[in-house]
Amino acid sequence: MVKVRFAPSPTGFLHIGSARTALFNWLFARHEKGVFVFRVEDTDKERSKDEFLQEIISSLEWLGMSWDEGPYYQTKRIDVYRDYAKKLFREGKAYEAEGTLGGEKAIILAMPKGTITLDDLVHGPVSFDMNLQKDLVLMKSDGFPAYNFACVIDDFDMKVTHVIRGDDHISNTPKQLAVYQALAIDPPKFAHIPLILGTDRSRMSKRHGATSISDYRQMGFLPDALVNYISLLGWAPTGDREVMPIDEIIREFSLERVGKTGAVFDINKLIWMNGEYIRARKIEDLIPLVVPRIKESGAIRDDYDKGRLTEVVRLFHPRAKTITELADSVAPFFTDGVTYDEAAVASVLAKEGVKAKLEVVIAKFSSLKTFDPQTLETCIRDLASESGTKAADFIHPIRVAVTGCKVGASLFETIALIGKEKTIMRLKAGLAKALSKYDSGPI
RNA sequence: GGCCCCUUCGUCUAGUGGCCCAGGACGGCAGCUUCUCAAGCUGUAGACACGGGUUCGAUUCCCGUAGGGGCUACCA
């Protein structure tokens with residue numbers, strides 16, 4: 001029975017790299033129908049914080065990774081580590097030393113001589129000259145176990161069969177192997193997966209920008225899109241598939257197909273993939289995701305028109321890349337005023353002939369009995385042919401006057417959803433805007 | 001500095017000696033569509049770090065060089 005673990009230390013938010021490590025462990029466990037253990041490595045009492053743990057747990061849940069065992073807390077197992085360390089001390093394999101952290105003596109393991117070879121599942125055999133290795137602190141003088149010791153004891157006690165972790169731990173492995181050796185117990189199998197890199201190819205960190213799962217959640221990414229994207233960092237399925245549901249990723253996942261080279265996190269590809277997932281998602285399922293964000297902007301309250309919101313979301317559904325973007329596109333449909341993009345006003349509204357066109361449109365719209373996309377399209381196209389110009393010459397100024405910017409969804413559907421009264425109000429506001437610009441100087 | 005890891009298009013990658021004058025995806029560029037944007041469709045540019053071997057034949061195997069990264073805590 002395969003058993004793996006994810007063992008973060010709660011000293012910060014769930015990092016994208018840790019999340020990917022968790023994901024590979026989880027995928028491996030699910031693929032092998034094994035057990036996924038969640039362990040909290042909280043032995044650094046200075047840096048460990050409960051708020052971080054809570055954040056890590058909620059991010060894991062948001063991503064859809066559930067564990068079968070745990071959480072185990074290392075701080076609750078201090079006696080276990082101490083007993084093992086004492087045993088090693090009694091056997092003469094470890095020695096004590098005065099410490100600087102607290103009242104207790106540190107227990108230190110003497111490193112063996114010779115060579116230790118790690119048989120890594122992704123890297124193959126890696127040898128280390130143990131004569132170069134410093135003796136390893138097992139128990140710190142504050143009475144807490146050191147990472148490389150607690151980790152070994154836990155993996156052994158919890159019967160972990162495969163340790164899947166970041167490449168950066170590869171140099172810790174000989175130390176841990178020395179502990180297994182001293183204890184005369186069998187080590188698990190190791191698989192060191194490549195790191196996730198920033199654009200400068202160094203390990204992804206704060207200075208590269210957003211690094212935590214919560215950051216990406218906040219930015220409006222969908223969990224399944226994020227999971228799909230990071231699963232492709234350091235791993236590839238057979239064939240040319242990339243966008244694939246989680247069940248298929250689980251079915252396809254194997255350590256043999258994990259690569260060795262660090263992977264640069266490419267937010268552009270994530271954005272694209274998120275767009276794919278948004279488009280694949282039903283409108284009804286998107287509504288509960290955008291509503292809180294629109295509420296935040298103040299555009300709607302609890303008594304919003306649900307039917308109308310659905311229609312507006314439908315309008316932007318094919319073009320939104322993130323939930324944030326979708327909410328930002330939808331919100332203006334529920335506000336009275338318009339925020340004008342001055343550049344758009346200058347290039348589209350403040351032009352000769354626009355004033356006259358807008359006046360005609362206002363007059364025409366006012367006389368309309370129905371205000372649906374078909375009627376509006378016919379209306380504008382007729383207006384254009386009557387005045388001998390292209391429909392575009394009407395459409396662009398109307399869009400800027402009504403929405404404040406040059407780009408957006410289909411104009412006729414847009415103004416139909418905004419409604420006759422509000423559209424005319426905004427056309428007038430746009431007209432005033434055009435006039436003030438036009439008057440203030442030559443074009 | 002020492003030890004270790006890595007090296008295919010800008011990026012993620014496929015490729016396990018001939019199927020590769022290297023395939024896919026994102027991004028770029030061009031075009032189609034069109035009321036703008038996005039989406040969609042079509043096309044296009046773009047990589048085996050370098051040098052030695054091994055072999056009838058190397059992107060694939062070996063050695064070296066260069067470059068990048070990681071570790072080097074009584075942090076995890």
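On a predicted model such as this, the values are computed, not experimentally measured, just so you know. Below, chain A is the first sequence line, B the second, and so on; all start at residue 1.
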Ignoring the backbone of [X], work out which of [options] is nearest its side chain.
{"X": "A:K175", "options": "B:rC3, B:rC5, B:rU72", "result": "B:rU72"}
{"X": "A:K260", "options": "B:rA76, B:rC6, B:rC5", "result": "B:rC6"}
{"X": "A:R203", "options": "B:rC35, B:rG70, B:rU72", "result": "B:rG70"}
{"X": "A:S202", "options": "B:rU36, B:rC74, B:rG70", "result": "B:rG70"}
{"X": "A:R279", "options": "B:rA39, B:rA76, B:rC5", "result": "B:rA39"}
{"X": "A:D240", "options": "B:rU36, B:rC5, B:rG23", "result": "B:rG23"}

| Could you state the interatomic distance from CE (A:M244) to CD (A:E252), rounded to the nearest 0.5 Å? |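 Reported value, rounded in 0.5 Å steps: 5.0 Å.
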Quick check on [N]: is either OP1 or OP2 less than 4.0 Å from any side-chain nitrogen or oxygen of [X]?
{"X": "A:H123", "N": "B:rC6", "result": "yes"}
{"X": "A:R319", "N": "B:rG40", "result": "no"}
{"X": "A:T43", "N": "B:rA76", "result": "yes"}
{"X": "A:R381", "N": "B:rC35", "result": "yes"}
{"X": "A:R201", "N": "B:rC12", "result": "yes"}
{"X": "A:R257", "N": "B:rG15", "result": "yes"}

If I take atom [atom1] in residue [X] and atom [atom2] in nucleotide [N], what distance separates them, rounded to the nearest angstrom?
{"X": "A:I271", "N": "B:rC12", "atom1": "CD1", "atom2": "C1'", "result": "15 Å"}
{"X": "A:M130", "N": "B:rC71", "atom1": "CE", "atom2": "C1'", "result": "14 Å"}
{"X": "A:F394", "N": "B:rU36", "atom1": "CZ", "atom2": "P", "result": "16 Å"}
{"X": "A:M244", "N": "B:rC12", "atom1": "CE", "atom2": "C1'", "result": "15 Å"}
{"X": "A:L349", "N": "B:rU36", "atom1": "CG", "atom2": "C1'", "result": "14 Å"}
{"X": "A:D168", "N": "B:rA73", "atom1": "CG", "atom2": "C1'", "result": "15 Å"}
{"X": "A:M204", "N": "B:rG69", "atom1": "CE", "atom2": "P", "result": "16 Å"}
{"X": "A:L197", "N": "B:rU7", "atom1": "CG", "atom2": "C1'", "result": "12 Å"}

Counter-base of [N], judged by Watson-Crick or G-U geometry with both distances under 3.5 Å:
{"N": "B:rU44", "result": "B:rG28"}
{"N": "B:rU36", "result": "none"}
{"N": "B:rU16", "result": "none"}
{"N": "B:rU60", "result": "none"}
{"N": "B:rG67", "result": "B:rC6"}

What protein N or O atoms touch nucleotides 26-31 of chain B N or O atoms at under 3.5 angstrom, if any, and at what distances?
from, atom 1, to, atom 2, distance (Å)
B:rC26, O2', A:K269, N, 3.4

Distance between [atom1] atoms of [N] and [M] (Å, rounded):
{"N": "B:rC32", "M": "B:rC20", "atom1": "P", "result": "33 Å"}
{"N": "B:rC62", "M": "B:rU16", "atom1": "P", "result": "16 Å"}
{"N": "B:rG40", "M": "B:rU7", "atom1": "P", "result": "33 Å"}
{"N": "B:rA39", "M": "B:rC26", "atom1": "C1'", "result": "16 Å"}
{"N": "B:rG28", "M": "B:rU54", "atom1": "P", "result": "47 Å"}
{"N": "B:rC9", "M": "B:rG24", "atom1": "C1'", "result": "12 Å"}
{"N": "B:rU55", "M": "B:rC6", "atom1": "C1'", "result": "27 Å"}
{"N": "B:rU60", "M": "B:rU8", "atom1": "C1'", "result": "11 Å"}

| said: With nearest nucleotide decided by heavy atoms, which residue, A:L132 or A:G262, maps closer to the 5′ end of RNA chain B? | reply: A:L132
| field | 5'-most by nearest nucleotide on RNA chain B - A:A146 or A:W235 | value | A:W235
Under 4.0 Å, heavy atoms only, any strand: does [X] hit a base, just the sugar-phosphate, or nothing?
{"X": "A:R165", "result": "nothing"}
{"X": "A:A150", "result": "nothing"}
{"X": "A:L233", "result": "sugar-phosphate"}
{"X": "A:T199", "result": "nothing"}
{"X": "A:N172", "result": "base"}
{"X": "A:H169", "result": "base"}
{"X": "A:K390", "result": "nothing"}
{"X": "A:G234", "result": "sugar-phosphate"}
{"X": "A:A106", "result": "base"}

| Lys NZ or Arg CZ of A:R281 over A:Y277 ring: under 6.0 Å, within 45° |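 Output no; distance or angle outside limits.
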| task | Taking the six-membered ring of A:F334 (Phe, Tyr or Trp), confirm whether the NZ or CZ of A:R308 is under 6.0 Å from its centre and within 45° of its axis. | result |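 The answer is yes, since A:R308 meets both limits relative to A:F334.
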Indicate, with yes or no, if the rings of [X] and [Y] have centres closer together than 6.0 Å.
{"X": "A:H162", "Y": "A:F24", "value": "no"}
{"X": "A:F365", "Y": "A:F371", "value": "yes"}
{"X": "A:Y216", "Y": "A:Y229", "value": "no"}

| said: Between A:K269 and A:E242, does any NZ, NE, NH1 or NH2 come within less than 4.0 Å of an OD or OE carboxylate oxygen? | reply: yes
| query | Quick one: does A:Y81's side chain get under 4.5 Å of A:L138's, heavy atoms only? | reply |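 No; the side chains remain at least 4.5 Å from each other.
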| Donor-acceptor pair under 3.5 Å: do we get one between A:S410's side chain and the base of B:rC35? | yes
| Quiz item: A:S141 side-chain donor-acceptor pair to B:rC74 base, under 3.5 Å | yes
| request: Identify the heavy atoms of A:Y340 and A:R426 that sit nearest to each other, and give their distance. | output: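 Scanning both residues, the minimum pair turns out to be OH-O, 3.4 Å.
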| field | Considering all heavy atoms, the nearest A:E311-A:L417 contact | value |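 Heavy atoms only, the tightest pair is CB-CD2, 3.5 Å.
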| Side-chain donor-acceptor pair under 3.5 Å between A:E55 and A:S59, yes or no? | yes
| message | Using the rule given for side-chain hydrogen bond (donor to acceptor under 3.5 Å, both in side chains), can you reason through A:D157 versus A:Y84, listing the C-alpha separation, both sets of side-chain angles and the distance that settles it, and then say yes or no? | response | CA-CA 11 Å; A:D157 270 4; A:Y84 276 106; 3.1 Å; yes
